[in-house]
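Written out below as structure tokens is the structure these notes cover.
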Amino acid sequence: MTDTSPATPYGTLPPASPLPQRRPISLPRLAQLRAAGEKIAMLTAYDATFAAVADAAGVECILVGDSLGMVCQGLPSTVGVTLETMAYHTASVARGLHRVQGTAWLIADLPYGSYGESCEQAMRSACQLMQAGAHMVKLEGGGWTTEAVRFLVERGVPVCAHLGLTPQTVHALGGYRVQGKGDAAAAELRRHALELQDAGAAMLVLEMVPAPLASALTAELPHCHTIGIGAGSGTAGQVLVLHDMLGMNLGRMPRFVRDFMAAGDGSVRGAIEAYVRAVKDGSFPDNQQHAWSA
């Protein structure tokens, strides 16, 4: 059948696409993957086109991260990202997935200052991102965040927590450093993780946490799927910033990143497919290269 849709020099996405080759990703589907021992592949995306490509390449979870402040806006950290900006990019990603009948699970970051005042503020902020198209929201920190997580989950908002290096509070942490080192720090991180699972968090990003600790936590959190970034290969899944894994980082490449553009066929989709394969077969991350032992 001839395509009669109007031509446009800017249209990078088709008006329609074949039916998806996989079932839509959902919380029960993610639990099935983990139960089967299959790693969960997560990647950031901030616009319609890259989201569509990531979905087609087999990424299960797309994170609209507040890392967009650094990679898209040129900010020195994620602290300057606003809720309005997050809603804009979340809506862009959601539209891209809808255009190609995408099946990925869409997670959006609650930015700095959008959930710290009260549970009610967290709910208002989460509503804005969910209405923009997110399936789940992510927030950083443990301890004080537990009640906010419980408040959101009880009201039907799926939550992904985030422990270890939490970029929104990088100034309080003293820089981009490995977290959970030493018995006391590890015990506190473990306590926060268990509290977040008990509060209903369905996923937990562990960033720059020693690999043995991340692996142990994964075993202790049967109902909360751990997603590692610089946390070794023992987590239930992995996440990277899209621009990093494409070798497009404007600064120094973090230790936990691999440039997948070189491993693919020279295309963005090929690089993402190589990333998904490496996560699934366990060849990424390599604990000797991309993680910390203590």
Side-chain angles (χ1 to χ4, degrees), residues 12 25 33 38-75 77-78 81 89 92-93 96-97 102 104-109 138 160 162 164-165 167 176 178 203 205-209 211 214 225-292:
T12 56
I25 303 299
L33 290 176
E38 182 174 346
K39 298 286 187 179
I40 299 165
M42 183 188 296
L43 199 61
T44 67
Y46 314 105
D47 64 25
T49 302
F50 278 108
V53 173
D55 183 271
V59 172
E60 278 102 16
C61 299
I62 292 177
L63 170 64
V64 185
D66 56 5
S67 50
L68 67 85
M70 302 168 81
V71 300
C72 297
Q73 297 181 302
L75 297 174
S77 73
T78 64
V81 178
H89 285 273
S92 297
V93 167
L97 292 176
W105 180 253
L106 180 53
I107 306 163
D109 266 336
K138 182 169 79 67
C160 175
H162 185 153
L165 175 66
Y176 295 94
V178 179
M203 301 182 82
V205 170
L206 293 172
E207 182 167 358
M208 290 182 67
V209 171
H225 314 314
T226 56
I227 306 295
I229 177 167
S233 60
T235 52
Q238 298 292 326
V239 64
L240 283 178
V241 170
L242 174 70
H243 294 62
D244 286 349
M245 56 82 66
L246 293 177
M248 298 169 61
N249 187 294
L250 296 178
R252 183 170 62 88
M253 195 67 75
R255 170 178 171 173
F256 51 75
V257 173
R258 179 190 295 175
D259 181 354
F260 283 91
M261 185 63 84
D265 59 6
S267 70
V268 170
R269 176 164 173 169
I272 298 175
E273 288 175 339
Y275 166 71
V276 172
R277 285 195 302 272
V279 170
K280 298 291 186 182
D281 66 22
S283 60
F284 177 82
D286 181 333
N287 283 359
Q288 299 302 313
Q289 300 181 44
H290 307 115
W292 289 264

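A quick note: this is a predicted structure, and the numbers were derived from the prediction, not measured. Residue indices begin at 1 and follow the sequence shown.
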Mind checking whether I62 and M42 have side chains closer than 4.5 Å, heavy atoms only?
no

Over all heavy atoms of both residues, which pair between L206 and T235 is shortest? Give the atoms and the distance, please.
CD1-CG2, 4.4 Å

Evaluate side chain to side chain contact (heavy atoms under 4.5 Å, CB included) for L106 paired with V93, printing each intermediate quantity in order.
CA-CA 8 Å; L106 180 53; V93 167; 3.6 Å; yes

At their closest point, which heavy atom of A278 faces which heavy atom of R258, and how far apart are they?
CB-NH1, 4.0 Å

Taking the side chain as every heavy atom from C-beta outward, state whether V268 and L246 have any pair of such atoms under 4.5 Å apart.
yes

Atom CG in L63, atom CE in M203: separation rounded to 0.5 Å?
9.5 Å

Check: Q238 side chain, G232 main-chain N or O, donor-acceptor pair, under 3.5 Å:
yes

So that I can tick it off, tell me whether E60 and K39 are bridged by a salt bridge, with the cut-off set at under 4.0 angstrom between side-chain N and carboxylate O.
no

Strictly by modelled atom types, are T49 and D47 linked by a side-chain donor-acceptor pair under 3.5 Å?
no

Minimal heavy-atom distance between A57 and I272, with the atoms involved, is CB-CG2, 3.5 Å

Treating N287 as the side-chain partner and S233 as the backbone partner, does any N or O pair qualify as donor plus acceptor under 3.5 Å?
yes

What pairs with F284 under ring pair (Phe, Tyr, Trp, His ring centres under 6.0 Å), at least two apart in sequence or on another chain?
F260, H290

Output for pair (L165 CG, I229 CD1), nearest 0.5 Å, gives 9.0 Å

Suppose the criterion is ring pair (Phe, Tyr, Trp, His ring centres under 6.0 Å): which pairs have a residue in residues 230-257, not counting sequence neighbours?
Y46-H243

Between S67 and T44 the two heavy atoms that sit nearest each other are OG-CG2, 4.3 Å

Tell me every residue that passes side-chain hydrogen bond (donor to acceptor under 3.5 Å, both in side chains) with Q289, counting only those two or more places apart in sequence or in another chain.
D286

Can you sort out the partners of E273 under salt bridge (Lys or Arg N to Asp or Glu O under 4.0 Å), two or more places apart, ordered by chain and number?
R269

Side chains of L43 and V239 in contact at under 4.5 Å (non-hydrogen atoms):
no

Donor-acceptor contact below 3.5 Å, side chain D55 vs main chain A104
yes

If you take all heavy atoms of A41 and V276, which pair is closest and at what distance?
CB-CG2, 4.2 Å

Using the test side-chain hydrogen bond (donor to acceptor under 3.5 Å, both in side chains), find all partners of R255 that sit at least two apart in sequence or belong to another chain.
none

Give, for atom SG of C61 and atom CD1 of I227, the distance between the pair rounded to the nearest 0.5 Å.
6.0 Å

Which pair of non-hydrogen atoms, one from C160 and one from V205, has the smallest distance, and what is that distance?
SG-CG2, 3.9 Å

Side-chain heavy-atom pair H162, P167 within 4.5 angstrom cut-off
yes

CG of L242 to CG of L68, rounded to nearest 0.5 Å, is 12.0 Å

According to salt bridge (Lys or Arg N to Asp or Glu O under 4.0 Å), who are the partners of D109, at least two apart in sequence or on a separate chain?
K138

